[in-house]
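Accompanying notes for the structure given below.
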2 protein chains.
Amino acid sequence: MKVPPASIKDVAKRAGVSAGTVSNVFSGNRPVKPGLAKRVREAAAALGYEPDRAASQLRGGKGRVVGIVIPELSNPFFTSLVAAIETAARAESFDILVASSSDDDSEEAARLRTLLAWKPAGVVIVPASDEFPSRGLLEKAGLPFVVVDRVPQDFTGDAVSSDNFDAGLQAARHLFELGHRDIVVAASSMRLQNIRERCSGIESVLRETDSAPLSLIELGFSFESAAARLEQLATERRRPTAFLALTNFGTLGVLATLQQWNARVPDDVSVLGFDDYSWMRAVSPPLTAIRQPVEEMGRRAWRILRRRIEGDSEPPEGIRLACTLERRRSTATCPPGTTIDIKRPSRRDRDDLAKSN
Amino acid sequence: MKVPPASIKDVAKRAGVSAGTVSNVFSGNRPVKPGLAKRVREAAAALGYEPDRAASQLRGGKGRVVGIVIPELSNPFFTSLVAAIETAARAESFDILVASSSDDDSEEAARLRTLLAWKPAGVVIVPASDEFPSRGLLEKAGLPFVVVDRVPQDFTGDAVSSDNFDAGLQAARHLFELGHRDIVVAASSMRLQNIRERCSGIESVLRETDSAPLSLIELGFSFESAAARLEQLATERRRPTAFLALTNFGTLGVLATLQQWNARVPDDVSVLGFDDYSWMRAVSPPLTAIRQPVEEMGRRAWRILRRRIEGDSEPPEGIRLACTLERRRSTATCPPGTTIDIKRPSRRDRDDLAKSN
DNA sequence: GTGAAAGCGCTAACAA
DNA sequence: TTGTTAGCGCTTTCAC
């Protein structure tokens with residue numbers, strides 16, 4: 001059953017042409033007479049020939065693979081991004097090399113280095129942090145790259161992200177309109193520029209309305225740390241009437257904790273989530289959430305990268321895409337004077353949560 | 001800022017050795033005197049040299065990239081699998097080339113073909129269907145490959161999957177023990193062997209207990225088709241006291257529909273989901289679900305593939321990993337005589353659902 | 001429009 | 001242990 005892979009020479013011999021001609025037939029690089037081309041294609045089909053991408057890239061210089069580096073392959077926001085880019089890229093017969101950095105700068109650099117060893121035509125990256133040490137690597141390699149989602153403050157290259165400030169604004173306005181004044185914002189980490197921007201948006205609403213300063217809680221990047229922080233919260237401050245989560249992860253953490261507390265949503269507390277997944281619509285109550293245009297982000301990132309690969313040298317593009325507020329039922333008007341009754345979690349609840357990842 | 005990438009020759013020259021020696025330092029293929037090795041490493045570091053993987057693979061024959069083909073990059077079950085494989089593979093400095101087939105046989109074949117053009121060392125594949133036409137391609141290429149999750153009935157090669165029969169058994173037993181006799185099983189498509197196996201497990205419980213035959217509904221692979229089918233269900237049959245979903249997608253569909261119907265879980269209907277994600281724990285009520293050991297599946301698949309890449313030629317392994325039932329609160333004892341009151345969905349509910357993807 | 005030949009960066013075989 | 005040489009499969013001059 002096993003067949004030694006046919007090379008360009010085998011095809012050339014069978015079709016009675018030179019290797020160069022076969023190459024031209026497949027690359028479309030230079031015109032070939034229709035008759036010959038047909039013979040070549042037939043020979044190739046008969047032998048099951050497919051040009052070796054590695055070899056072609058080695059000689060030709062131009063690769064047809066692009067690298068994607070994301071913080072976590074298990075976060076649906078990032079994988080949706082990968083999905084969108086893959087779809088766009090494969091339409092132009094580019095292949096996708098993925099690596100994840102586990103939200104760690106040096107891991108990111110290491111992963112990027114091995115990616116670069118394949119001489120990709122370009123890279124799309126969601127940095128692990130604002131430090132973005134990989135930037136140097138990328139620039140030294142002279143490789144086109146696009147930064148997505150987590151765009152560091154001082155970054156001036158090509159970038160695609162949500163309009164995070166406006167997202168924060170919309171979210172906060174929504175809660176304010178419902179009468180909420182005591183809101184806890186659940187962020188992952190303030191070390192990320194996109195999170196800081198979302199907070200600024202929220203703060204600008206706070207200022208508009210002469211409200212108390214932002215009440216913020218940093219949940220980190222794991223479910224465990226989130227649960228721990230939120231539990232601690234109950235001992236630190238008055239119970240808020242609403243939670244505003246700034247990541248999909250934070251949304252999950254808040255929901256799980258509320259559940260432990262036997263708080264009803266939205267009767268006791270309103271919850272506004274971030275990112276928009278099917279489960280948010282399927283559960284009860286359906287979650288009000290800020291939807292980021294992930295697919296569009298992926299498509300735009302690819303479009304820019306594609307142009308750069310072609311050699312385009314226009315000034316960098318910094319694209320900010322609008323988020324939308326999906327009003328559903330986890331947010332409701334704030335009953336005046338309401339506080340939530342925080343009960344100690346039952347044994348069973350704690351077990352459920354402990355198993356989370 | 002841009003630096004032309006240094007080649008092995010540049011490093012050799014700078015270190016005052018031959019290219020072959022540099023190669024040996026990096027590949028560890030043959031021993032090199034410590035002193036020389038050090039000089040080489042320094043020179044490489046100074047030049048920012050990293051061996052070109054494509055070139056090395058071309059000459060050496062052995063690739064250090066593995067292909068992964070999955071049905072959907074947007075399904076968290078599959079991306080978790082990718083994550084697990086990536087983690088295991090990168091630990092042995094293999095890189096990951098991913099492609100998605102959109103649950104389509106011919107798409108799968110096309111994607112696989114371009115993957116093979118990179119001459120990967122091996123492939124992990126979750127077939128789009130039981131037809132698995134890609135199998136021929138893989139065998140002709142003589143490439144080691146492991147089939148994961150959707151293992152066709154007649155497939156005899158290396159495979160890793162859940163013990164689907166037992167999963168069905170556990171799920172059905174759980175519902176039966178709670179007194180449920182009128183259960184609707186929500187599957188994606190009976191054309192998939194893993195789904196059929198899960199059904200067999202359920203049926204065996206039905207037989208054990210002399211119950212009515214399996215009540216099954218095929219939801220397809222999109223949220224829309226699932227919603228449509230489920231809506232139709234209400235017109236076709238008596239309302240069940242429990243739903244048993246056989247995919248994470250089906251779980252979502254059932255939940256969303258129940259919500260439209262204003263049915264309370266578990267008071268009106270019990271819901272048993274498939275796959276186990278954070279959101280299932282965070283929502284209210286937390287979902288009882290069958291958990292598949294995704295990470296373990298990924299690790300095992302990699303382990304087998306790795307051995308095959310090394311040249312191992314033991315008889316094929318067919319690994320079946322046990323699933324576990326995570327008892328939470330969406331399943332409850334069946335109140336005798338209960339039926340659910342199916343109301344027409346409100347306008348708002350329909351809108352929410354229509355936006356689903 | 002096509003063929004012949006050189007060579008991309010690397011590793012393997014053979015010498016030394 | 002190290003250097004030298006050939007050549008992986010392809011694309012790209014340079015002739016014709």
Side-chain angles (χ1 to χ4, degrees), chain A residues 3-41 43-44 47-65 93 95 114 116-121 141, chain B residues 3-41 43-44 47-65 93 95 114 116-121 141:
Chain A
V3 173
S7 85
I8 199 171
K9 282 185 187 162
D10 302 323
V11 179
K13 198 170 295 171
R14 195 180 220 270
V17 297
S18 78
T21 303
V22 177
S23 169
N24 289 328
V25 169
F26 280 92
S27 67
N29 221 316
R30 303 155 110 6
V32 176
K33 275 231 186 91
L36 272 197
K38 185 153 169 281
R39 280 218 325 266
V40 170
R41 275 184 215 292
L47 297 170
Y49 169 76
E50 187 85 18
D52 181 316
R53 299 255 203 173
S56 124
Q57 147 162 344
L58 175 58
R59 181 60 241 241
K62 45 199 163 216
R64 275 194 106 63
V65 61
S93 62
D95 288 305
T114 83
L116 294 182
W118 288 100
K119 302 272 137 67
Chain B
V3 172
S7 85
I8 199 170
K9 281 186 189 163
D10 302 323
V11 179
K13 197 171 297 172
R14 194 180 221 270
V17 297
S18 77
T21 303
V22 177
S23 168
N24 290 327
V25 169
F26 281 92
S27 67
N29 222 315
R30 308 153 97 15
V32 176
K33 274 235 187 86
L36 272 197
K38 185 154 171 281
R39 282 222 318 272
V40 169
R41 277 184 213 292
L47 297 171
Y49 169 77
E50 186 86 19
D52 182 317
R53 298 257 205 171
S56 129
Q57 150 162 341
L58 176 58
R59 180 60 240 242
K62 44 196 165 217
R64 276 195 106 64
V65 62
S93 62
D95 288 305
T114 83
L116 293 183
W118 286 100
K119 302 272 137 65

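Note: hydrogens, waters and symmetry copies are ignored here, and every other heavy atom, side chains too, is used.
Following rounding to the nearest Å, A:D52 (CG) and C:dG9 (P) show an atom-to-atom distance of 17 Å. Atom C1' of nucleotide C:dG1 and atom CZ of A:R39 are separated by 13 Å, given to the nearest angstrom. In this entry the distance linking NZ of B:K119 with C1' of D:dC10 reads 11 Å, nearest Å. Rounded to whole Å, the distance from CG on B:N29 to C1' on C:dC14 is 15 Å. In this structure, the CZ atom of A:R30 is 14 Å from the C1' atom of C:dA4, given to the nearest Å. The separation between B:L58 atom CG and C:dA12 atom C1' is 13 Å, rounded to whole Å. For the pair B:Q57 CD and C:dA12 P, the computed distance is 13 Å after rounding to whole Å. We find that NZ of A:K13 is positioned 12 Å from P of D:dG9, with the value rounded to whole Å.
Taking the nucleotide of DNA chain D with the nearest heavy atom to each of B:K33 and B:G60, the more 5' of the two is matched to B:K33.
Between D:dG9, D:dT12, C:dA4, one nucleotide has an atom nearer to the side chain of A:A55 than all others, and that is D:dG9. Side-chain proximity of A:I8 to the nucleotides C:dC14, D:dG9, C:dG9 is greatest for D:dG9. Nearest nucleotide to the side chain of B:Y49, out of C:dG3, D:dT2, C:dC10: C:dC10. Among the nucleotides D:dC10, D:dT2, C:dT2, the one closest to the side chain of A:V32 is C:dT2.
Rounding to the nearest 0.5 Å gives a distance of 9.5 Å between OH of A:Y49 and CG of A:D10. One finds the CD atom of A:Q57 at 10.0 Å from the CG atom of A:D52 (value rounded to the nearest 0.5 Å). With rounding to the nearest 0.5 angstrom, the NZ atom of B:K33 is 11.0 Å from the CZ atom of B:R39. Between the CZ atom in A:R64 and the OG1 atom in B:T114 there is a gap of 11.0 Å [rounded to 0.5 Å]. Rounding to the nearest 0.5 Å gives a distance of 5.0 Å between CZ of B:R14 and CG of B:L47. Of the inter-residue distances, the one linking B:N24 atom CG with B:L36 atom CG reads 11.0 Å to the nearest 0.5 angstrom.
With hydrogens and angles ignored, a donor-acceptor pair under 3.5 angstrom links the side chain of B:R59 to the base of D:dG7.
Using modelled atom types and a 3.5 Å distance limit, the side chains of B:N29 and B:S23 yield no donor-acceptor pair.
Backbone-only engagement by B:K62 is indicated by non-hydrogen atom pairs under 4.0 Å involving sugar-phosphate atoms exclusively.
Near DNA chain D, meaning a heavy atom under 4.0 Å away, the residues from residues 21-28 of chain B are B:T21.
The phosphate of C:dT11 (OP1 or OP2) has a side-chain N or O of B:S56 nearer than 4.0 angstrom.
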